[in-house]
Amino acid sequence: MKKIETVAEMQRECAALRAAGRTIALVVTGGSIHEGHLALIRAAREKAEVVVVSLFPNPLQFGASEGFAHYPRTTEADVARCEEAGVDLVFLPAQEEMYPRTFSTFVTEETISKRLCGISRPTHFRGVTTVMVKLINIVRPDVLVMGQKDAQQVAVMRKVIADLNMGVEVVKVPIVRDADGLACHVRNATLTPSGRKEAQAISQSLVRAQEMAASGVRSTDRIIAEVTHILAQQRRVRVIYVAIVDRTTMETVREVVPGEALLMIAAWLDEVRLTDNALL
Ligand code: AMP
């Protein structure tokens with residue numbers, strides 16, 4: 001596995017691989033590699049001959065009060081886990097390498113990214129789309145592997161790739177969960193044991209919603225009421241939104257169309273912002 005820190009070297013390596021006819025899959029992460037990321041890496045290995053993983057906490061996708069300075073950084077362990085997982089190239093650019101002082105170009109998607117998390121985090125998706133487009137331009141992968149955990153991010157990136165004719169296939173990997181149902185996430189480590197127990201209500205409410213949809217309930221109002229009721233039992237869970245949306249546009253829907261309707265939840269648990277979702 002090669003460790004690469006500069007844009008120029010990554011571009012050279014990837015150009016040489018493409019010239020040799022090798023297919024490339026890109027996995028974009030903020031580091032702190034966990035089981036969710038490893039599932040993306042496995043999917044990437046199935047989809048292409050060469051796997052590139054970026055380990056870059058992206059300051060642009062954090063709002064002013066969102067604690068970027070405290071985002072965990074575990075670079076050595078991340079590199080070791082990537083190597084073990086069969087990654088070919090890891091990209092560890094410094095912040096100034098990605099965003100030199102003169103940097104002044106941003107990518108914004110203006111419809112899907114305004115909904116759901118876009119309401120409470122108004123600059124988040126601009127940060128995501130800008131870094132993603134930069135990384136895609138640097139690596140020029142055949143395939144971009146993303147997690148269903150960030151379903152809105154996937155929908156936004158699919159739209160950007162289509163709108164800008166970028167010609168990259170997006171592969172979406174199902175949510176990886178811990179044994180107690182909580183979706184794996186970097187921030188889970190900061191939950192207290194009692195907070196973690198309360199957070200389980202989120203995945204439990206998703207399962208209940210799936211059961212309702214499977215038993216024929218089509219009214220999204222009824223399902224949202226039940227989910228809200230389950231979450232309200234936990235005093236420390238503060239709901240940011242519960243919504244049932246079309247999985248492509250992230251627009252709210254009134255009726256569940258099985259396989260198309262996505263239940264999206266964002267909630268605070270103490271100081272930890274949690275998101276989760278399930279297809280109904
Ligand atoms: P992050 O490092 O949190 O920015 O996530 C990097 C990529 O890993 C994104 O495509 C996420 O959707 C994906 N990811 C993070 N957690 C999970 C999970 N629990 N299951 C599946 N994919 C995940």
Side-chain angles (χ1 to χ4, degrees), residues 25-47 51-63 66-68 70-75 77-79 81-82 85 87 90-93 98 112-113 116-117 121 124-136 139 141 143-161 168-191 196 199-200 202-203 206 247 250 262 264-266 272-279:
L26 171 64
V27 178
V28 174
T29 82
S32 298
I33 295 296
H34 55 63
E35 287 303 318
H37 299 128
L38 293 176
L40 268 56
I41 292 170
R42 280 194 296 277
R45 289 185 60 183
E46 277 171 25
K47 276 284 171 182
V51 175
V52 179
V53 174
S54 65
L55 304 169
F56 178 66
N58 177 29
L60 279 192
Q61 66 194 61
F62 289 79
E66 289 180 355
F68 175 69
H70 304 293
Y71 198 83
R73 286 167 176 78
T74 54
T75 309
D78 290 348
V79 169
R81 297 197 84 178
C82 285
V87 172
V90 279
F91 189 39
L92 302 139
M98 289 294 275
I112 302 170
S113 68
L116 303 170
C117 283
R121 306 184 73 191
H124 172 69
F125 287 109
R126 179 179 96 138
V128 170
T129 47
T130 300
V131 83
M132 285 276 191
V133 169
K134 273 177 74 77
L135 290 166
I136 290 169
V139 173
V143 181
L144 175 69
V145 183
M146 301 181 75
Q148 172 70 25
K149 167 76 170 60
D150 297 281
Q152 189 174 5
Q153 218 176 84
V154 178
V156 168
M157 276 314 297
R158 284 203 159 129
K159 189 66 169 44
V160 168
I161 286 168
V168 180
E169 181 193 351
V170 177
V171 169
K172 193 167 60 175
V173 174
I175 300 177
V176 178
R177 299 178 181 282
D178 285 335
D180 63 3
L182 200 63
C184 299
H185 194 269
V186 179
R187 286 186 287 260
N188 292 355
T190 60
L191 290 170
R196 195 176 164 109
Q200 287 167 22
I202 296 173
S203 57
L206 292 174
R247 68 186 176 123
M250 299 283 137
L262 199 59
M264 304 280 284
I265 299 178
V272 188
R273 193 179 195 281
L274 299 170
T275 60
D276 206 340
N277 67 81
L279 203 60

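The residues of the chain are indexed from 1 along the displayed sequence. Order of appearance sets the numbers: ligands from 1, and atoms from 1 within every ligand.
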Asker: What distance separates Lys149 NZ from Lys172 NZ, expressed to the nearest 0.5 Å?
Answerer: 14.0 Å
Asker: Taking C-beta and beyond as the side chain, do Val171 and Leu144 meet within less than 4.5 Å on heavy atoms?
Answerer: no
Asker: Output every pair passing side-chain hydrogen bond (donor to acceptor under 3.5 Å, both in side chains) with a member in residues 27-44, not counting sequence neighbours, ordered by first then second residue.
Answerer: Glu35-Arg81
Asker: Please examine the side chains of Val143 and Val168, heavy atoms only from C-beta on, and report whether any two atoms are closer than 4.5 Å.
Answerer: no
Asker: Between Phe62 and Arg126, is there a cation-pi geometry (under 6.0 Å to ring centre, at most 45° from the normal)?
Answerer: no
Asker: Regarding Asp276 and Arg177, does a basic nitrogen lie under 4.0 Å from an acidic carboxylate oxygen?
Answerer: yes
Asker: Around ligand 1, what residues show up once you keep those with a heavy atom under 4.0 Å from it?
Answerer: Val28, Thr29, Gly30, His34, Gly36, His37, Leu40, Met146, Gly147, Lys149, Asp150, Pro174, Ile175, Val176, Cys184
